[in-house]
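Notes to accompany the following structure.
By convention in this document, chain letters (A, B, ...) are assigned in the order of the sequence lines, proteins followed by strands, and residues within each chain are numbered from 1.
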Amino acid sequence: MPIGYQERPLVPLDVGDRAILRPDQLSGILAALRGRGYTLLGPTVRDAAIIYAEIAGADDLPVGWTDVQSPGSYRLAARPDGAFFGYSVGPHSWKATFHRPEITLWQAERQGDGGFTIHEPAPETSRVALIGVRACELAAIRIQDRVLLDGPFADPHYAARRRDVFVVAVNCTEPGDTCFCASMGTGPGVESGFDLALTEFVTDTEHLFLAEIGSGAGAEVLAEWPVDRATHGQIAAAAARTQAAAQRMGRSVDTRDVKEVLARNLENPRWEETAARCLGCTNCTQVCPTCFCTAVHDLTDLSGRTATRVRQWDSCFDRSFSYVHGGSVRRSGMSRYRQWLTHKMSFWADEFGSLGCVGCGRCITWCPKGIDITAEIAAIRAADPS
Amino acid sequence: MTPARTDPWVPEPISIKRIARESADTATLVLDTSERPGGFAFKPGQFNMLYAFGIGEVPISISGDPSDTGELVHTIRVVGKVTEALTGMAPGSTLGLRGPFGTHWPLEEARGRDVLIVAGGLGLVPLRPAIYEILKNRSAYKRVNIVYGARTPQDILFSNEISEWRGRLDVSLRVTVDSAGSDWFGHVGVVTSLVKLARFDPEATVAMVCGPEIMMRFAVRELETQGIADERIYLSTERNLQCGVGLCGHCQHGNVFVCKDGPVFRYDRLAPFFSKREV
Ligand SMILES: Cc1cc2nc3c(=O)[nH]c(=O)nc-3n(C[C@H](O)[C@H](O)[C@H](O)COP(=O)(O)OP(=O)(O)OC[C@H]3O[C@@H](n4cnc5c(N)ncnc54)[C@H](O)[C@@H]3O)c2cc1C
Ligand code: SF4
Ligand code: SF4
């Protein structure tokens with residue numbers, strides 16, 4: 001059923017209000033964001049995947065593309081309807097924007113007297129507008145904020161990059177086969193943490209977006225356009241699309257007492273069975289939007305006068321991750337797979353007040369062996385002796 | 001206690017005042033903190049991250065007297081490249097310092113109670129500042145027992161101080177070694193066997209334990225057998241640790257971060273996974 005577009009006189013819109021936009025108006029809004037000095041980061045097709053990169057405007061979006069995902073498999077497919085956001089999530093997450101894969105922490109310079117001085121590069125700041133952020137990804141950003149900003153020490157590099165961000169979120173209407181955000185309580189609808197949130201409607205006869213205003217900055221950007229205020233019927237239609245997506249979701253996790261079930265099953269034989277399939281390739285930790293671990297490396301130039309410390313993403317699947325002199329604590333693949341899953345779905349809650357998984361499904365899709373975190377949890381639960 | 005710098009990733013250069021050999025593979029470094037605003041204040045049990053130029057950075061407990069803020073004392077055993085570089089440095093040279101980080105021994109809670117200190121090998125290092133504090137305020141504590149195990153008589157750390165403490169009437173100190181020649185007249189055997197000999201009231205004892213993980217497992221079992229509740233047993237644990245400030249994720253041990261929730265833990269916090277393999 002068409003939801004209809006009708007231009008009305010300019011009315012001031014406020015936080016919480018909803019408007020109806022045509023694709024050309026959405027393009028205009030993206031241009032307006034650039035005009036305000038934001039670098040646009042959004043989904044775009046590259047290397048046969050939908051990834052996040054700098055985009056010039058709406059033309060760079062994956063218009064008319066979708067993705068087909070299953071454990072260990074990801075394919076792009078054309079869709080005839082020209083949808084802008086007709087896919088779920090790809091291998092990239094916004095983690096790479098705020099928590100960079102590699103940074104230089106500082107450089108030290110030898111002095112004549114045998115001492116040294118240390119220079120710290122000013123943390124890089126940026127003014128970015130994220131386009132097309134899903135609910136699960138907003139949840140992941142909130143989780144990383146808690147880890148990297150809210151502890152006894154904040155990471156100044158992450159803080160600098162998080163400071164000036166405009167978020168154009170998208171309510172999911174197209175869940176993937178590996179998604180399970182509905183069961184994690186993190187999606188598919190966005191509830192907070194955005195400046196604008198879009199719901200896309202695309203049929204043979206119309207292509208419209210319902211835009212919800214989440215902040216003063218969002219209202220300001222929208223105020224530049226003569227947009228149509230959404231009717232109750234349109235708002236209900238948008239909500240229905242997101243609800244339908246929740247129903248269609250491929251997978252789910254029973255989160256009731258999952259924290260306790262995993263914590264009391266550290267010796268469950270299932271860990272060994274799964275570890276026998278796991279390659280230890282670290283894909284799952286690289287694609288996960290909440291995995292935050294890093295390693296530092298000390299480098300020196302050839303003269304030995306300048307020493308640099310760099311920080312890179314690390315993975316608990318790496319044997320050296322838990323190295324103490326004499327050998328690694330987690331020597332077996334079993335213990336490393338168990339560490340990853342129990343951290344996400346149990347210990348994280350004690351450490352940071354929520355589970356560390358948002359149900360985006362990336363680790364399932366990008367695991368070359370198709371190991372499925374939802375199936376693993378179900379198996380442990382089924383084998384739980386108590 | 002916040003470090004002097006605002007960026008927790010960045011060390012400050014600090015110079016070495018003195019360096020003394022403790023044993024064949026262990027040395028004590030005294031760093032000059034007299035020029036530092038406020039000197040260097042810390043609590044017994046805390047650690048610093050020490051950086052050897054161009055080589056790397058490692059967590060090292062503070063082994064000196066907390067009441068002396070003009071110098072900072074670290075005792076380091078050579079096991080690899082960074083510890084070798086740190087102990088091989090000459091007085092006057094510079095290393096990088098971040099800290100102090102982590103939790104401390106429960107000296108407040110131990111007031112008015114018996115204290116039982118159980119150290120294995122290098123585990124004596126983070127306990128020494130606690131011993132200094134306790135001896136300085138000796139009347140605040142009831143019976144003080146120290147049991148210490150080393151590999152051989154030559155590996156006994158701080159031997160001058162050990163003799164001094166042994167000479168005190170208000171401290172009961174027992175030392176054992178794993179193996180020794182015929183010139184050793186002391187105990188031979190594991191440190192947990194000395195716990196049985198110590199006299200304390202299990203209902204009113206605070207135990208502080210540090211040593212290799214396997215030794216701590218046995219020690220905890222023995223302390224429990226002696227009737228000390230898990231809530232009054234404290235351990236200092238060790239994990240790979242790269243940032244020291246709860247950001248890098250390396251030191252996770254079950255549901256705790258060794259760097260920010262520890263390294264000193266009340267045992268009941270670790271109990272659910274401490275004896276589990278490879279957690
Ligand atoms: C809280 C805490 C306090 C400590 N206090 C002391 C002390 O007072 N005196 C002392 O001699 N030792 C102490 N250690 C152990 C000391 O940190 C290691 O012996 C040291 O890191 C080994 O580094 P290396 O380069 O010489 O050895 P290698 O075996 O060459 O290690 C290579 C690298 O692995 C990492 N690594 C190895 N072992 C450890 C470890 N145990 N913890 C963290 N990272 C490690 C380091 O990044 C190191 O550079 C402490 C460890 C912790 C966690
Ligand atoms: S654990 Fe898997 S499903 Fe959960 S947030 Fe990470 S990548 Fe997504
Ligand atoms: S992606 Fe799959 S195979 Fe690779 S480390 Fe993760 S679970 Fe193992």
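Of all heavy-atom pairs spanning B:L247 and A:F153, the tightest one is CD2-O, 3.6 Å. Nearest approach of A:E351 to B:G254, heavy atoms of both residues: OE2-O, 3.6 Å. Of all heavy-atom pairs between B:P8 and A:A154, the closest is CG-O, 3.7 Å. Annotation for A:P156 and B:W9: closest pair CD-CD1, 4.0 Å, computed over non-hydrogen atoms.
Annotation: B:E109, atom CD; neighbour count of heavy atoms from other residues, nucleotides and ligands within 6.0 Å is above 12. Shown here is B:K276, whose NZ atom has more than 12 heavy atoms of other residues, nucleotides or ligands within 6.0 Å. Residue-environment remark: CD (A:E102) exceeds the threshold of 12 foreign heavy atoms within 6.0 Å.
For residues 278-292 of chain A, the interface with chain B (any heavy-atom pair closer than 4.5 Å) comprises A:F292, sorted by residue number. For a heavy-atom cut-off of 4.5 Å, chain A lies close to B:V256, B:F257, B:K260 in residues 256-264 of chain B. Within residues 302-329 of chain A, the residues having any heavy atom closer than 4.5 Å to a heavy atom of chain B are A:G304, A:R305, A:T306, A:A307, A:R309, A:R311, A:D314, A:S320, A:F321, A:S322, A:Y323, A:V324, A:H325, A:V329, listed by residue number. Residues of residues 337-346 of chain A placed with any heavy atom under 4.5 Å of a heavy atom in chain B are listed by number as A:R338, A:Q339, A:H343.
The contact between A:E109 and chain B is made entirely by backbone atoms, counting heavy-atom distances below 4.5 Å. Residue A:Q111 does not touch chain B at all, counting heavy-atom pairs closer than 4.5 Å. At a 4.5 Å heavy-atom cutoff, the contact between B:I55 and chain A is made by backbone atoms alone. For A:T300, the part lying near chain B is the side chain, with the backbone staying farther off; criterion is any non-hydrogen pair under 4.5 Å. Only the side chain of A:L266 has a heavy atom closer than 4.5 Å to any heavy atom of chain B.
With values rounded to the nearest 0.5 angstrom, B:F53 atom CZ is found 10.0 Å from A:D298 atom CG. Here A:R331 contributes atom CZ and B:E278 contributes atom CD; the two are 7.5 Å apart, rounded to the nearest 0.5 Å. Separating the SG atom in B:C243 from the CG atom in A:L105 is a distance of 10.0 Å, to the nearest 0.5 Å.
In terms of heavy-atom pairs under 4.5 angstrom with chain A, the leader among B:H250, B:E238, B:R277, B:E57 is B:H250.
In the model, B:D7 has no side-chain atom that pairs as donor or acceptor with a side-chain atom of A:W106 under 3.5 Å.
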*For side chain to side chain donor-acceptor pair (under 3.5 Å), just list the numbers for A:W348 and B:N255, CA-CA rounded to whole Å, side-chain angles, deciding distance to a tenth of an Å, and then say yes or no.*
CA-CA 7 Å; A:W348 204 298; B:N255 62 2; over 6 Å; no
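Between A:I118 and B:V10 there is a side-chain heavy-atom pair separated by less than 4.5 Å.
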